[in-house]
Each structure stands twice: as structure tokens, then as C-alpha cells.
2 protein chains.
Amino acid sequence: LQILPVILSGGAGTRLWPLSTQHQPKQFSSLVGTRTMLQMTAERTLNSAFAGPFVVGNRGHADLIEAQLGEVAASPSLLILEPFGRNTAAAIALAALHAPDELLLIMPSDHVIEDATAFMDAVISASPTAQNGWLVTFGVRPTRAETGFGYIRKGERLIGPAYKVDRFVEKPVADVAKVLASDGHHFWNGGIFLFRGRTYLKALSEHAPELHRAVLRAFEQGQQSGIRFSPDAEAFAAIPSISVDYAVMEKATNVAVVPLDVDWSDVGSWEALHELLDNDERGNASIGETTLIDCRGSLVRSDGPMVVAIGVDDLVIVATKEAILVVPKADSQRVKEATELLSKQN
Amino acid sequence: LQILPVILSGGAGTRLWPLSTQHQPKQFSSLVGTRTMLQMTAERTLNSAFAGPFVVGNRGHADLIEAQLGEVAASPSLLILEPFGRNTAAAIALAALHAPDELLLIMPSDHVIEDATAFMDAVISASPTAQNGWLVTFGVRPTRAETGFGYIRKGERLIGPAYKVDRFVEKPVADVAKVLASDGHHFWNGGIFLFRGRTYLKALSEHAPELHRAVLRAFEQGQQSGIRFSPDAEAFAAIPSISVDYAVMEKATNVAVVPLDVDWSDVGSWEALHELLDNDERGNASIGETTLIDCRGSLVRSDGPMVVAIGVDDLVIVATKEAILVVPKADSQRVKEATELLSKQN
């Protein structure tokens, strides 16, 4: 039995603005190394244990997705093209409706996992649990008291490496994060899942029946053309925008967690990206046409005009042809303030 | 008698890189207000006391000079086009050879003088001294212990507002600058001069005879076409590259200084420019498409992609379509290190 990868590529994250924009979200950019995040995600399952992937993304990115995956010989077996984003519960449901009998490996398209072999081993070790009707989440072992992620508390041991999930914990405050990160009972929720299509659809119909009905309608009235499937836009618009965590995982009782012992990052800020990059002896990471003179601890990237930085410390400088961001590394999550302001101005 | 302005526009200063480049030096850019520095320089003498200006510049900038001066109704009466820069002694000599009997007002094209009326008054008050065969320099009254300028020590009083120059003082160290700036005997050397063409040529032939001969050859073998004069390139190449200060002023005995009580700046660094600009209540100056969030004391300018700065203090950020500079304001003179490095790399 092959596992069917489902790559969620509908996100339009702006936490890495100006590189990541609505027009070209970060999964389509090379952030670490030469491959794009989407390509690295697909390559992680280029193996006989896996079928050709489903990709769920925005219909405006259809050609881009096919082109990027073609480059790494990971062409999708199905491209589900949303007219706009309706969050992960709906995206996964559309994939599950196309393959109710398959074992689906749900993967965000914009995360970094350093060790593909360890990842694959964890997925394969989790497949008996998923086959047995569990909704399997993968829990990343915490390496710091991160307040930006949700946590998963493990309960009793199931078969193999799996534990029953005791409960999901919302993004914690710093004091709580310290406990969760170190007590040995909690994992980071990395948004990676393994389950049979039917298992997910059944849970969805139980815990989010309205959403289930709406997705079913968009699916049934949708159009297939070659490998491209377009849900009916009007029906799609009626789908509630809810994450898979809220809609299903936090409510279902048949949720298991399998530990994932890999270096994982959601690359959720420029600071997080800096940690993934090779640094020079002064702690600088520079990408593209850049010149750094007497700088320390800085991330300098250009996909546009050449950047020259002199004597700056712990600064993020990112340039594209359209926009330039300059922000202290520790404040890099404040990019959100800029993108909100700019979208108001437009 | 009209005074003939001679605007020196041959400089290719890179202290305001990346806005100022060899291709488009800062005199052709709007740094303060909407006029370019060249336009503001020409407008300073748009008055019946002055004839249409001579402009000495690089031949690659001929059309640009004519276009910019045409826009402010200050078209040059003569355009002296150098094949490459040979410093100010030669540039002024070429102008003087064209107008030996005129009273020449030599002005750099890239300085800011806030009060044009006070400037004009000082020039006119100095003209009897210049008519009497003195090489008149204008001395800017120091407002701070600047180490980046040369100083002029005044001697005995001459007619009108003029003093004989006692001596020129090279750019001083900080302790010396403190004394010079406050003792009441010294002025900043602003590189602005008034003299008869013949007075200058005579001094040049005495104190820099080789240079005088070489310029004369380039002049005699030059080509005139309409208002454009091109010195002979081969003869021009043989001219020593020396400033008017070294070649003449520091050696001649008939040098006078007339005080110039105006706000003057050579805009010699991004920090100097910042001081000339209107700041917001947090001390930021921003020009072009820029968004500043929680910044203080910073200069942000874009002639290229939009710049978004978040939470930065006392930083200079300058963007063009070709290059982006990020440097702490206090280090802004280090731009030189970058331009030297870049020219080595090319």
C-alpha cells in the first residue's frame, strides 16, 4: 500500500514579507538552499512508499505549482485548485473526497525538515495506526520554550510509536511554554497528519457537519480537467474558514500522536529563517547580491537591487524588486504591522 | 558690470552613494526640496547682477546639464565639457581662459546655501576687492568643530568686508577643530571664489606653471560648437589633477576672505543631509515611497523599491533601483569603504 502525500499550498503567509506575498507566497521561493519550499516538501516523499502527490492550492498558482514540481520530477497526480483560501479543514476535505480509501499524508508546503529519512521513517511507522482508524498527528519534540506554536499532550501508549492524544494546548504564554517544552509530555503541533480519507471525512461530518456538507457540495459540483480539479466557486464560498485543528483534531477522540525527531521549522519569521541558514564567522547570513562590511548577526537577502550594509548588528534586511524591509531581527514578527498597514493603504 | 557665475559640475562624489554615482553625481539629484543641487546653484545667481552662467562638467552630462538648467530658466552661456575630471584648478582655468576680463564667481554645484539673498549680498560686497586684483574666497562662519573641512585664518582688514587671508589650515584633528571653530579668527573654506579671470590665470602661471601651460594647450586646441566647448582630450589628459586650493590659494599672497553668514553645507554625508531635511516628531526624515513604523532619528529615502523600516534607530536607509545602502547614521562616512570595495570588485 502506498501513502498518498497531500501538499497544502494554499497559504499566503506574509510573515516573510516582502519575499512572501499574496502573489507569490513563501512556498514558491527558495529560502534554504536552491529548491523552493514546495519542491523540498514534494521531494521528501519521492520514494516508492508514496504515490504521486495531491496538491491543494490557489487556482492562480496552478501553472507555478506544476512547473516547480515538474522540475523535481514530483508532478502532482491531482491538483485541487481553490478560487480563494478556506483554511485547512476544507482543503484536506477536498483531498479526502478524491481518495477516501487512501492513506493521506497531509503536509504544509512551507515548512523545513532537515532529515527526510527520519521523517519518512516516522510516517511509515505511523501508518498501521492510521490504517486502524486513527487521526495521526506528528509531534515535534520541543527544543525551546516557543510561544508561537500550539502543543500536543500525549496520553496512553498505542501500538508502535503512537500515543493517544490527551489534549491540544493553544499557543502558550512564556511561563507555560517553559513547562510544556521541558516536561517530556508535550510536542509541538507541526500541522502534519496521517489518516485514511474516510476517517477524516467521518470525523468532519461529526464535529463540523456544516463544513462537511458545504465541502461535499463544492466537490460534487466541481469540474475536473486532466489532473486539475476546481471545486464549484459559489459552493466553495459558503464553506466556513476553519483550520483542521479547530474543526476536527481538538474535538475528535481518535487522535494519536507519533513523535517526529527531526529538526523542524515552520519558518514563521525572518529570525526563524536566519537560524536555518549557514552563517559567516560573525553570525551573518547573506543571500543574493549583497555586501556586508563589519556587520554582525544580520540576515541580508536580495532578490532585487544589490544591498550594501555597513556596521549593522542583528538586523534583517530583505530586498525584492518591489519592496525593502529593514527591521531588527528580534522584532521580525512585527512585519505583520507593516503588511496590515500597507494593505489598509491600498 | 555683471558677475559671471562659473558652476563646477564635474565632481563625481560617491559620499552619497548609492544616490550619487559616477553615472549620476549628486548635483543632478534633488536632495533637499524639489530642485536638483545644480538647479539650486544656478538659481542662486538668477539676478540682473549676474550674467548667464558658465558650467564646467563632464561631457557625458552635457544634455543633462542643459536640460536641468533649462527647466529653471538658467541656461548656460557656455558649457565647458571635460572628457574626464582633472580637479578644480584646471576646470576654473578653462573658464578663466574664456573670460579673462570678467569677474568670475566660482561655485561648486553640489552645496546647499539656505539664504540666497545673503549669499548674493556677500558676493556683491566682495566684488570691489576682486576687481582690485584679489583672489577672494568666501569664508563660512563655523557652527561646529567640524574636522571634515579646511579652515581659513583671516589676517588684516582690507576694503569693505574683506580680510587678507593669513593662512589656510588643512582639515584639523578634533582638538584643533574645537579651537578653530570658536576663536573668531577662522572660517570654513567653502570652495566658493570671486576673482577676475586674469587674476586667476596670472596666479596659476606663477604657482603652477606646468598646469597653466597644459590647460592653455587644451584650451587652444579645443573645439567650440554652439555654446559647447570641448578642450582637446589628449592635451587635457596631460593636465595635473590638483585642486584650486593646493595649486593657487594656499600659495598666492593676494588672497582675501569675505565672511559668508549663511547656513551652508557641502552635503558631504548622509548624516549631513539628514540635518538639512525636515524631520518628523521622532527625528526621522523620509523621502519617496517609504513607511516608517516606530523608528527614531533615521533617514529613509527611496528612488527605487518601497522601503519599510520597523523599529530602527539612527539608521540611514537609501534605495535606488540599482542598490540599497543600510548604515548607522554616525557611520555614514563609511560609505566610502563600500564604494571602494565595489569598484575593486568590478
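Throughout, a chain's letter reflects where its sequence line sits, starting with A, and its residues are numbered from 1.
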Q: Heavy atoms only: give me the nearest Gln27(B)-Ser9(B) pair and the separation to one decimal.
A: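 Answer, listing the atom of Gln27(B) first, then Ser9(B): NE2-O, 2.8 Å.
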Q: Heavy-atom cut-off 4.5 Å, strictly under: side chain, backbone, both or neither for Ser302(A) against chain B?
A: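 Contact with chain B involves no heavy atom of Ser302(A) at all.
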Q: Under a 3.5 Å cutoff, is there a donor and acceptor pairing between the side chains of Asp245(A) and Asn189(A)?
A: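 Side chains of Asp245(A) and Asn189(A): pair found under 3.5 Å.
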Q: For residues 308-316 of chain A, which side-chain donor-acceptor pairs fall under 3.5 Å, sequence neighbours excluded?
A:
unit_1, atom_1, unit_2, atom_2, d
Asp313(A), OD1, Arg296(A), NE, 3.3
Asp313(A), OD1, Arg296(A), NH2, 3.4

Q: Looking at Ile293(B), Val335(B), Asp331(B), Thr290(B), which makes the most heavy-atom pairs under 4.5 Å with chain A?
A: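 Between Ile293(B), Val335(B), Asp331(B), Thr290(B), the count favours Ile293(B).
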Q: Quick one: of Cys295(B), Ala323(B), Pro18(B), Pro305(B), who has the most non-hydrogen atom pairs under 4.5 Å with chain A?
A: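 Ranked by heavy-atom pairs under 4.5 Å with chain A, first place is Pro305(B).
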Q: Quick one: what part of Ile317(A) sits under 4.5 Å from any heavy atom of chain B, side chain, backbone, both or neither?
A: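 The side chain, not the backbone.
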Q: Not counting sequence neighbours, which residues clear side chain to side chain contact (heavy atoms under 4.5 Å, CB included) with Ile287(B)? List them please.
A: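 Side chain to side chain contact (heavy atoms under 4.5 Å, CB included) check on Ile287(B) returns Leu277(B), Arg301(B).
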Q: Do you see a donor-acceptor pair shorter than 3.5 Å between the side chains of Ser269(A) and Gln333(A)?
A: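 Per modelled atom types, Ser269(A) and Gln333(A) side chains form no pair under 3.5 Å.
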Q: Where does Glu322(A) contact chain B at under 4.5 Å (heavy atoms): side chain, backbone, both or neither?
A: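 Just its backbone gets close to chain B.
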